[in-house]
Amino acid sequence: MKKIEKAKMFINNHLHLFQCPVCKNQFIDIKGYQLTCSNRHSFDFSKKGTLHFLLKQSQNEYDKDMLQSRRLIAQEGLWYPVLEKVISVVNNKNGVHLDVGCGEGSHLHHLIQKGLGGTNIGFDISKDAIQLAAAEYTDAFWCVADLAQSPYASNAYDTIFNILSPSNYGEFDRILKSGGQVIKVVPAEKYLIEIRNFVGKNNTPYSNKEVLDKFYQHYPQADRISISYEHNLNFTMWKHLLNMTPLSWNINDSIKEKLILEPFKKITVEMEIVIGTKE
C-alpha cells in the first residue's frame, strides 16, 4: 500500500485526534487526497503520507543539510541515554502521544523502538524535517504544523514530548487529557560545553533557569531528572555535530576551520527532564 493511502487510513481511524486549525471544528471527510472540516477548510495529503496544516509559509533556520546531520548524530546515539530516561517516566505507554517540534523524527522513532506503543504523531513547522521523517520512519504519523495554530483536538492526548523545542503551555493543557503528561527536555549548563568554551560562548555560563521557571509556573508539582554523560565521537560524527548545533553557526570561518581540524573525541551531554501533569 502506498504511503498516501496508509495516511488516509490512519486519519480515517483517528479523526477524533484532530481539529481544523482555521475554525477549530471537527474534520468530517476525506475526498480524494484532501481532509475537510465541517466549514469546508481542506488540507492536503502528500505523496510521502504526511499532512500539511500550516496556514502560511514558515521561516526557519533548519536546512536539509543541517537536518541530515541531526539525524546521523541522533542515530549514532548522542541522545539515547536521555531518551531512555524519557521513556521510563511515560505513564501510559500505550496511549496517544504527540511529539512537539519533532524535527526529522529520530527522537520519537527511538522512543517507539524502546517500547512506546499506542498512537504516535510527530509534527514540526519545517516541511523539510517532516519529509525526512516520513521517508525514514513509518512507525509514526507525521504532520507539518504550527504549535500556535495546531490541528490537534482538545482533551485527546496522553503524552506530549517537548524535546529541545519551544513550548506553548496553554495549548498543551488544551490538548492533553486529564492526568496527561508534558515531558520536556532542556539543555543544562554543561550541554556541549566543550564547543561553548572553544567558541567563547561560555564567558557567562548557560542557564536554563528561565525556561524551567516557566514550566514550574504551569506545573508546580513537576518532577525533575538531571542527566549528564560524555559521548564518544569519531571525526565524521564530529563534523555532523558542528553542522547540527547552533553554537557553531555564527562563528567566524577561522574558528570553525580550527574546530573541524581539531576534533574533540568526547562531548558532554547534560540535560534536565521535567515532567508535568495536567490536573
Side-chain angles (χ1 to χ4, degrees), residues 61-62 65-90 99 101-116 129 132 136-137 161-167 183-212 215 222-252 254-275:
E61 299 174 299
Y62 303 154
D65 188 45
M66 173 270 173
L67 290 164
Q68 290 281 16
S69 289
R70 174 176 158 168
R71 163 174 290 172
L72 291 168
I73 281 289
Q75 291 176 338
E76 198 266 341
L78 180 67
W79 295 293
Y80 282 1
V82 176
L83 295 172
E84 282 157 22
K85 287 287 186 183
V86 168
I87 188 70
S88 74
V89 300
V90 175
D99 187 3
C102 67
E104 36 62 56
S106 297
H107 294 330
L108 183 56
H109 171 71
H110 188 69
L111 292 171
I112 294 168
Q113 293 292 103
K114 287 296 179 179
L116 188 71
L132 284 171
E136 181 84 5
Y137 305 123
F161 299 112
N162 188 210
I163 302 171
L164 302 173
S165 64
S167 304
I183 303 175
K184 184 172 181 62
V185 178
V186 296
E189 181 179 333
K190 294 181 180 178
Y191 180 64
L192 307 186
I193 194 169
E194 294 86 354
I195 298 175
R196 187 177 293 278
N197 285 337
F198 193 96
V199 301
K201 292 189 177 182
N202 210 40
N203 296 327
T204 301
Y206 169 78
S207 173
N208 58 23
K209 183 178 184 303
E210 184 177 343
V211 174
L212 293 177
F215 191 91
D223 294 319
R224 181 171 170 179
I225 299 170
S226 299
I227 181 170
S228 181
Y229 54 92
E230 289 186 332
H231 184 80
N232 294 328
L233 294 167
N234 60 34
F235 182 64
T236 300
M237 287 301 114
W238 171 244
K239 290 194 294 184
H240 286 302
L241 179 63
L242 291 179
N243 191 40
M244 177 209 74
T245 176
L247 290 172
S248 68
W249 291 353
N250 297 313
I251 59 177
N252 67 53
S254 63
I255 292 178
K256 192 162 189 176
E257 184 178 359
K258 190 173 183 181
L259 268 173
I260 292 171
L261 295 175
E262 299 177 15
F264 300 147
K265 294 182 179 180
K266 292 183 179 181
I267 198 77
T268 299
V269 178
E270 186 176 75
M271 300 284 201
E272 303 272 8
I273 304 167
V274 281
I275 307 103

If you compare all heavy atoms of G101 against all heavy atoms of S165, which two are closest, and at what distance to 0.1 Å?
O-CB, 4.0 Å

Does L242 reach the side chain of I195, with side-chain heavy atoms less than 4.5 Å apart?
yes

Distance from S226 atom OG to M271 atom CE, nearest 0.5 Å?
12.0 Å

With distance as the sole test, does N234 use its side chain to make a donor-acceptor pair with the main-chain N or O of W238 at under 3.5 Å?
no

If you measure only the distance, is there a donor-acceptor pair under 3.5 Å linking the side chains of E76 and H231?
yes

Mind checking whether E84 and V86 have side chains closer than 4.5 Å, heavy atoms only?
no

Taking every non-hydrogen atom, the tightest pair across Y206 and P187
CE2-O, 3.4 Å

Output a table of donor-acceptor pairs, distance under 3.5 Å, between side-chain atoms of residues 254-269 and any protein atom two or more places apart or on a different chain; print 'none' if there are none.
| unit_1 | atom_1 | unit_2 | atom_2 | d |
| --- | --- | --- | --- | --- |
| S254 | OG | N252 | OD1 | 2.7 |
| T268 | OG1 | E194 | OE2 | 2.6 |

Between A129 and G103, which heavy-atom pair has the shortest distance, and what is it?
CB-O, 3.4 Å

Testing Y80, W79, Y137, F161 one by one against H110 for a ring pair (Phe, Tyr, Trp, His ring centres under 6.0 Å), which residue passes?
Y80

Does the side-chain contact (heavy atoms from CB on, under 4.5 Å) test come out yes or no for I183 and I163, once each step is laid out?
CA-CA 8 Å; I183 303 175; I163 302 171; over 6 Å; no

Are the side chains of E104 and R70 in contact, using a 4.5 Å heavy-atom criterion?
yes

Work out which heavy atom in W249 is nearest to a heavy atom in M244; give both atom names and the distance.
CZ2-O, 3.2 Å

Are V89 and D223 side-chain neighbours, meaning at least one heavy-atom pair lies under 4.5 Å?
no

Using side-chain contact (heavy atoms from CB on, under 4.5 Å), reason through V274 and V186 one step at a time and then give a plain yes or no.
CA-CA 8 Å; V274 281; V186 296; 5.6 Å; no

Between H109 and R71, is the side-chain contact (heavy atoms from CB on, under 4.5 Å) condition met? List the steps.
CA-CA 11 Å; H109 171 71; R71 163 174 290 172; over 6 Å; no

CA sep, side-chain torsions, deciding dist, call: T245, L192, side-chain contact (heavy atoms from CB on, under 4.5 Å)
CA-CA 9 Å; T245 176; L192 307 186; 3.8 Å; yes

Does the side chain of I273 come within less than 4.5 Å of K184's, by heavy atoms?
no

Does the side chain of V185 reach to within under 4.5 Å of the side chain of E272, using non-hydrogen atoms?
no

Backbone N/O of K190 and side chain of E270: donor-acceptor pair under 3.5 Å:
yes

Does M237 reach the side chain of N232, with side-chain heavy atoms less than 4.5 Å apart?
no

Output the distance between atom CZ (F215) and atom CD1 (I275), rounded to the nearest 0.5 Å.
7.5 Å

Measuring from atom CD of E189 to atom OG of S228, what distance do you get when rounded to the nearest 0.5 angstrom?
10.5 Å

Does the side chain of I73 come within less than 4.5 Å of N243's, by heavy atoms?
no

Working to the nearest 0.5 Å, report the span between CG of L78 and NE2 of H240.
13.0 Å

